[in-house]
Amino acid sequence: MDIANTEDWRTNRELADIFTRMAGCYRYLGNTERFRAIAYERAARTLAGLPDDISTYATDTASLDRLPNIGEGIAERILEYLQTGHIATWDELQRQVPIPLLDIMEIQGMGPATTKSLHEALGIEDRQDLEDAIRDGRVSKLRGFGPKRLENIRKALKLDKESHGRLRLDTALRIGEDLLRQVRAIPCVIRAELAGSLRRRKETIGDIDILVTCAASGRKSIIRHFTRTPGVSRVLASGDTKASILLASPEVQADLRLVEPEAFGSAFLYLTGSREHNIRLRSLARERHGKINEYGLFGPDGKERLAGDTEASVYQALGLAYIEPELREDRGELDLAARNRLPSLVGVRDMRGDMQMHSVWSDGATDIATLASEALRRFPRYEYIVITDHSPSVRIARGIDPKGFRRQWKEIDRVNADIGRAFVKKGVEVDILADGSLDLPDDVLEGFEWVTASIHSGFRKDNTERLLHACRHRLVHGIGHPSGRLLMKREPYAVDWPAVFRSAAETGTSMEINAQPDRLDLRDDLARQAVAAGVRLTVSTDAHHPSQLDHIHLGISQARRAGCTRENILNTLPWAGVRRFRDAKASSYATR
DNA sequence: GCCGTTTTCGGCCCGACTGTTTTCAGTCG
């Protein structure tokens, strides 16, 4: 195998990383370079989102130039990097700008200008220097650094050190919905909604945004109530139309924005983002001599208001179809909306079953009968659930041996007899061993109605070959949590995804979007690439407790962010459809 | 440095809040 291609497009990431840091340097160098900085940031985004290794585009400058946000200059630098392993401009920038200063610019309140003035006045080179200079009073002697500003920087430094700032989607949703309930109870609030990355259902959330409509006369009182919400540890900002608070445990920032009811749509759009999506929208308005801000879409005179009461009205006035929040990431959705080619996104109501969960037979918390009744109670539309307890080698999860599975099947038969139909399916999460083989023999695997194969060890190495082996196994129907990542805890292992997706599509093997909030694996961009490669996905909760059956909402959000339609997701089909998918693989192997 | 359904030059999203200063620059979302 091509070694250079086995590490999840290492070169794309390296280049994106360099360009991001180059952008940081240009920002630091000041206003004259700020558009160059933006250009490098955009190029970095393009590289990071590329479905294939950059070298496949990099035959010459012209073919690179065809990629969005990559022109002649950056194309030359990409080629230079591929050919020589370094970029002369980047080397030069590193001589001009102390790179640890980029770190300082990440701290809230510390922009390029502040960072530069501290570097020039006090020779501050890194975070430690900054802390020292604040402590021994050198900073406070400088013009422009009053006591309040100093205190803010001190607190920002502390916060940045303690928390790495982001919350998991499930945690942020819980806190956000709780806060939303309190905001809705404030007098004078007409309407309140969660916006921001929470509404876009990003896998991790930096802060909570709430949009409120009210009459102008109610603003002061609403802001006052909001900043006195129980659990507020600090008020970060508080003006006429917006306020920011810091909630304690877990520490997270929440922003409130007030607008009048007729501006709801444009404000919702603005506050939902993403930033990049908004910039595209505003550029589009500008191309047509208009202007978008929080208050509406305005005509050339800046006064005539063309739209803004609903989000749809703004999109429509710009000649775009309505774009679902999960798609607003500037990944080509505006283009699709302009051509009316947006996908019709899958929803939880489309789901006919859950493809992975665990019972007390291995590491689950409840018995099969309870899982079945809870699934039916929570999701009356479900026609099946698949019990996928662990195979023997996953000791930590009390994996079951073949004899145990035969006993388990009898229990499943009894539960189904009680329900009166074959609601519970006999599945397994079989372990993919180090050499790519499975830890149950074929004659046992043949007894299951659904076989998911997953990796539970060897997270540090390249696991491409193991996944390819599993895809090529005639009795494997799906790959579970394919990348092995744990959000904010464990990086995904290295995989040559194009090769694995190609193999999954060829062999008729599905790939999972695992809905556990710390997995969400495949992540959105990989799921998108899998679908583009012709892979069928499943969305499953991997529930270890009945309450976790509700995680299907998180999994579906991830699928929606990947642009998935119902057709892309296998378990939107009745079981007969799942069986056809499964049997198609078996029969293609029988004829080989 | 990138980009073009008025442009190959002249733009590059837009407004609120803070802190410090005395009319505004810097930062953020």
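A, B, ... follow the sequence lines: proteins, then strands. Residue 1 opens every chain.
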### Query
Just by modelled atom types, is the Thr565(A) backbone N or O under 3.5 Å from a matching donor or acceptor in the Asn568(A) side chain?
yes
### Query
Expressed in whole Å, how much space separates the C1' atoms belonging to dC13(B) and dC3(B)?
16 Å
## Note on the structure
pair_partner(dT8(B)), Watson-Crick or wobble, both distances < 3.5 Å, evaluates to none
### Query
Does a side chain donor of either Asp17(A) or Thr20(A) reach within less than 3.5 Å of an acceptor in the other side chain?
no
### Summary
note: Ile104(A), atom CD1; dG26(B), atom P; distance rounded to Å ~ 18 Å
### Query
Taking atom C1' of dG4(B) as reference, at what distance in whole Å does atom CD of Glu287(A) sit?
8 Å
### Task
Rounded off to whole Å, could you give me the CG-to-P distance for the Leu269(A) and dG29(B) pair?
19 Å
### Task
Examine dG1(B): is either OP1 or OP2 under 4.0 Å from a nitrogen or oxygen in the side chain of Asn69(A)? Give yes or no.
no
### Query
Considering only the P atoms, how many Å lie between dA16(B) and dG11(B), rounded to the nearest integer?
24 Å
### Message
Can you tell me if Glu72(A) has over 12 outside heavy atoms packed within less than 6.0 Å of its CD?
### Response
no
### Query
With rounding to whole Å, what would you report as the distance between dT21(B) and dT27(B) at their P atoms?
16 Å
### Message
Can you measure Arg34(A) atom CZ to dG26(B) atom P for me and round it to whole angstrom units?
### Response
11 Å
### Query
Can you pull the salt bridge (charged side-chain N to carboxylate O under 4.0 Å, His left out) pairs that have at least one residue in residues 260-269 of chain A, sequence neighbours excluded?
Arg219(A)-Glu260(A)
### Task
With C1' as the reference atom in both, quote the distance from dG26(B) to dT20(B) in angstrom, rounded to an integer.
11 Å
### Task
Examine dG29(B): is either OP1 or OP2 under 4.0 Å from a nitrogen or oxygen in the side chain of Gln108(A)? Give yes or no.
yes
### Task
For the pair Ser266(A) (side chain) and Gly296(A) (backbone), establish whether a donor and an acceptor sit closer than 3.5 Å, ignoring hydrogens and angles.
yes
### Task
Send over the distance from Leu150(A) CG to dT20(B) C1', rounded to a whole Å.
13 Å
### Message
Between dT5(B) and dG1(B), how many Å separate the two P atoms, rounded to a whole number?
### Response
23 Å
### Task
Would you jot down, in residue-number order, the residues of residues 217-230 of chain A having a non-hydrogen atom under 4.0 Å from DNA chain B?
none
### Task
Determine the contact category for Ser244(A): base if any of its heavy atoms lies under 4.0 Å from a base atom, sugar-phosphate if only primed atoms, P, OP1 or OP2 are that close, otherwise nothing.
nothing
### Query
When rounded to the nearest Å, what value does the distance between P atoms of dG15(B) and dG10(B) take?
24 Å
### Task
If a protein heavy atom is under 4.0 Å from the base, mark B; if only from the sugar-phosphate, S; if neither, -; do that for nucleotides 10-16 of chain B going 5' to 3'.
-SBBBSS
### Summary
Sequence neighbours excluded, the answer for side-chain hydrogen bond (donor to acceptor under 3.5 Å, both in side chains) partners of Glu311(A) is Arg199(A), Tyr322(A), Arg328(A)
### Message
Can you work out whether Gly109(A) or Ala243(A) has the more 5'-proximal nearest nucleotide on DNA chain B?
### Response
Ala243(A)
### More than 12 heavy atoms of other groups within 6.0 Å of Arg341(A) CZ
no
## Note on the structure
When Arg77(A) and Asn31(A) are each assigned the nearest nucleotide of DNA chain B, the 5'-most assignment goes to Arg77(A)
What side-chain donor-acceptor pairs closer than 3.5 Å can you find for residues 227-243 of chain A, not counting sequence neighbours?
from: Thr227(A); atom 1: OG1; to: Ile223(A); atom 2: O; distance (Å): 3.0
from: Thr227(A); atom 1: OG1; to: Arg224(A); atom 2: O; distance (Å): 3.0
from: Thr229(A); atom 1: OG1; to: Phe226(A); atom 2: O; distance (Å): 2.6
from: Ser233(A); atom 1: OG; to: Leu246(A); atom 2: O; distance (Å): 3.1

### Task
Between dC12(B) and dT7(B), how far apart are the C1' atoms? Round to whole Å, please.
14 Å
### Task
Measure the distance from CG on Leu284(A) to P on dT5(B) and round it to the nearest whole Å.
11 Å
## Note on the structure
So, with a heavy-atom separation below 4.0 Å from DNA chain B, the residues of residues 112-139 of chain A are Pro112(A), Ala113(A), Thr114(A)
### Message
Rounded to whole Å, please give me the gap between CG in Leu318(A) and C1' in dT5(B).
### Response
15 Å
### Message
For a quick check under 3.5 Å, do Arg523(A) and Ser483(A) share a side-chain donor-acceptor pair by atom type?
### Response
no
### Query
Rounded to the nearest 0.5 Å, how far apart are CD1 of Ile124(A) and CG of Leu122(A)?
4.5 Å
### Task
Nearest whole angstrom, please: distance from the C1' of dG1(B) to the CD of Glu33(A).
10 Å
### Message
Given 3.5 Å as the limit, does a donor-acceptor pair link the side chain of Asp518(A) with the main chain of Leu486(A), or not?
### Response
no
#### Entry: Flag, side chain of Glu326(A) to backbone of Arg201(A), donor-acceptor distance under 3.5 Å
no
### Query
Around atom CD of Glu33(A), are there more than 12 heavy atoms of other residues, nucleotides or ligands at under 6.0 Å?
yes
### Message
Taking the P atom in each of dC17(B) and dT22(B), what is the distance between them to the nearest angstrom?
### Response
23 Å
### Task
Enter syn or anti for the glycosidic conformation of dT20(B), syn applying to angles within 90° of 0.
anti
### Message
Using a heavy-atom cut-off of 4.0 Å across all strands, would you classify Leu281(A) as base, sugar-phosphate, or nothing?
### Response
nothing
